[in-house]
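Quick notes on the structure that follows.
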Amino acid sequence: MTVIEVIQRSAGFLERKGVDSARLAAELILARVLRLPRLQLYLNFERSLAEPELEQMRELVQRRARREPLQHILGTVSFCGIELEVNKDVLIPRPETEVLAEKAWTLAKEWASGNPVALDFGTGSGCLAIALAARAPQAQLHALDVSPAALAVARRNAVKHLPDGRIVFHESNGFVSLPPALRFDLLVSNPPYIATAEIDTLEPEVKDFDPRLALDGGADGLDFYRRLAAEAPARLAPGGHLLAEFGDGQSPALEALFNAPPWRVVEVLPDFTRRPRHLHAVVAG
Ligand SMILES: C[S@@+](CC[C@H](N)C(=O)[O-])C[C@H]1O[C@@H](n2cnc3c(N)ncnc32)[C@H](O)[C@@H]1O
């Protein structure tokens with residue numbers, strides 16, 4: 001079978017299984033099997049595949065047909081132009097979270113006095129901490145997660161992209177296991193924010209493959225924001241900043257929570273579809 005035949009058959013099969021962007025998925029999987037950049041496939045349409053290549057292609061396409069995310073099959077995702085390892089132990093970084101990363105490094109780069117100390121709360125793959133460290137070299141980075149398996153992925157990603165030791169990782173349930181004297185100028189977080197009962201209504205790629213721990217925000221999805229509102233002031237330096245992603249429709253609840261002392265909402269930022277998705281708040285100085 002030739003490259004073009006494999007692409008057409010795989011795309012048709014994936015489409016029948018209800019997979020989004022089936023042709024793109026087929027091309028990306030085949031490019032991975034043949035170890036070629038995707039566009040090179042177009043210059044090799046008539047090339048015949050060897051039996052082991054076909055065998056591997058069938059296996060990976062079957063995985064995608066079972067709705068395993070493409071990023072798990074390929075093993076990587078690009079976040080702010082940085083190629084990160086992902087697997088079942090971490091949330092796949094989403095494009096909208098890049099807005100939060102950009103806001104965080106902009107704030108850190110504009111820091112007037114000394115080097116800002118920043119914390120990524122619930123780091124998962126390490127995407128936010130790594131993007132922030134890469135774009136704001138003067139920032140001192142800490143990252144925490146309750147999941148040791150997620151931290152192992154985040155550490156591997158950090159070693160690959162940053163000089164050793166740029167990010168200090170902490171295994172911690174919230175702030176509990178952080179060194180008591182540690183204070184931050186900037187706290188960035190994309191916490192779990194899906195209401196528990198909603199999780200089973202999500203696409204199979206999310207509900208069956210993203211870790212529950214990364215999704216479940218409690219009965220109304222807001223548990224982690226209440227926890228941050230209550231506990232973060234003691235961990236932030238006076239005037240410290242919080243940047244947090246939240247779910248579609250949660251903006252009014254978040255603004256109410258963070259417009260109460262000692263907090264003040266600075267702005268709510270939209271995602272690429274102009275929906276409010278990111279909170280910027282400061283704690284009283
Ligand atoms: C929505 S994911 C975000 C991951 C990553 N920051 C991103 O933006 O792709 C939330 C992360 O919070 C972590 N988490 C859940 N409960 C936690 C807790 N009690 N303390 C610390 N981290 C927690 C999860 O393990 C998960 O990695």
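Residue numbers count from 1 along this sequence.
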Which heavy-atom pair separates [X] from [Y] by the least distance, and what is that distance?
X: Pro192; Y: Leu213; value: CG-O, 3.3 Å
X: Ala154; Y: Ile130; value: O-CD1, 4.1 Å
X: Thr123; Y: Ala129; value: OG1-CB, 4.1 Å
X: Glu171; Y: Val146; value: CG-O, 4.2 Å
X: Ser172; Y: Leu144; value: O-CD1, 3.9 Å
X: Gln71; Y: Val86; value: O-CG2, 3.6 Å

Checking the side chain of [X] only, and the main-chain atoms of [Y] only, is there a donor and an acceptor separated by less than 3.5 Å?
X: Gln138; Y: Asn115; answer: no
X: Gln250; Y: Gly247; answer: yes
X: Asp120; Y: Gly126; answer: no
X: Asp89; Y: Ala150; answer: no
X: Arg63; Y: Glu59; answer: no
X: Asn157; Y: Ser125; answer: yes
X: Arg183; Y: Pro180; answer: yes
X: His72; Y: Asp210; answer: no
X: Arg166; Y: Ala133; answer: yes
X: Arg38; Y: Ala31; answer: no

Check your understanding: Heavy-atom count around Asn259 CG within 6.0 Å, excluding the residue itself: above 12?
Key -> yes
Under the side chain to side chain donor-acceptor pair (under 3.5 Å) test, residues paired with [X] that sit two or more places apart:
X: Ser21; result: none
X: Asn87; result: none
X: Ser251; result: Glu255
X: Thr76; result: Glu83

Taking only residues two or more places apart in sequence, or in another chain, which ones meet [X] in a ring pair (Phe, Tyr, Trp, His ring centres under 6.0 Å)?
X: His142; value: His170, Phe184
X: Phe246; value: none
X: Phe79; value: none
X: Phe169; value: none

Would you compute the distance between atom [atom1] of [X] and atom [atom2] of [Y] and round it to the nearest 0.5 angstrom?
X: Phe209; Y: Lys88; atom1: CZ; atom2: NZ; answer: 12.0 Å
X: Leu215; Y: Tyr193; atom1: CG; atom2: OH; answer: 9.5 Å
X: Arg226; Y: Leu254; atom1: CZ; atom2: CG; answer: 10.0 Å
X: Leu39; Y: Asn44; atom1: CG; atom2: CG; answer: 11.5 Å
X: Glu68; Y: Gln62; atom1: CD; atom2: CD; answer: 12.0 Å
X: Asp248; Y: Arg275; atom1: CG; atom2: CZ; answer: 5.0 Å

Answer yes or no: is there a side-chain heavy-atom contact under 4.5 Å between [X] and [Y]?
X: Glu5; Y: Leu49; value: no
X: Pro116; Y: Leu186; value: no
X: Ile7; Y: Phe45; value: yes
X: Arg47; Y: Glu53; value: yes
X: Tyr225; Y: Leu279; value: no

Consider only side-chain heavy atoms of I, L, V, M, F, W and Y, link residues closer than 4.5 Å, and tell whether [X] and [Y] are in one cluster.
X: Val188; Y: Phe258; result: no
X: Met1; Y: Leu34; result: yes
X: Leu236; Y: Leu228; result: yes
X: Leu74; Y: Val3; result: yes
X: Val283; Y: Leu257; result: yes

Revision key, fill the gap. Hits for salt bridge (charged side-chain N to carboxylate O under 4.0 Å, His left out) against Glu51, two or more places apart or cross-chain, chain-then-number order -> Arg58
Practice item. Determine the interplanar angle of the Trp111 and His241 rings, folded into 0 to 90°, and report it as parallel if under 30°, tilted if 30 to 60°, perpendicular if over 60°. Key: perpendicular
Point to revise | Check against side chain to side chain contact (heavy atoms under 4.5 Å, CB included), Glu102 and Val99 | key: CA-CA 5 Å; Glu102 186 173 351; Val99 174; 5.9 Å; no
Show me the side-chain donor-acceptor pairs of residues 261-270 shorter than 3.5 Å, one per line, residues at least two apart or across chains.
| unit_1 | atom_1 | unit_2 | atom_2 | d |
| --- | --- | --- | --- | --- |
| Trp263 | NE1 | Ala229 | O | 2.9 |
| Glu267 | OE2 | Lys103 | NZ | 2.8 |

Exercise for review: Give the C-alpha distance, both sets of side-chain angles, the deciding distance and a yes or no for side chain to side chain contact (heavy atoms under 4.5 Å, CB included) between Leu243 and His278.
Suggested key: CA-CA 7 Å; Leu243 292 172; His278 306 285; over 6 Å; no
Check your understanding: Applying salt bridge (Lys or Arg N to Asp or Glu O under 4.0 Å), which residue pairs with at least one partner in residues 192-204 are found, sequence neighbours left out?
Key ->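 Residue pairs passing salt bridge (Lys or Arg N to Asp or Glu O under 4.0 Å), neighbours aside: Arg67-Glu203, Asp200-Arg212.
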Revision key, fill the gap. Contacts of Leu202 meeting side chain to side chain contact (heavy atoms under 4.5 Å, CB included) (sequence neighbours excluded), chain-then-number -> Ile194, Val206, Lys207
Practice item. Considering only NZ, NE, NH1 and NH2 on the basic side and carboxylate oxygens on the acidic side, decide whether Asp271 and Arg94 come within less than 4.0 Å. Key: no
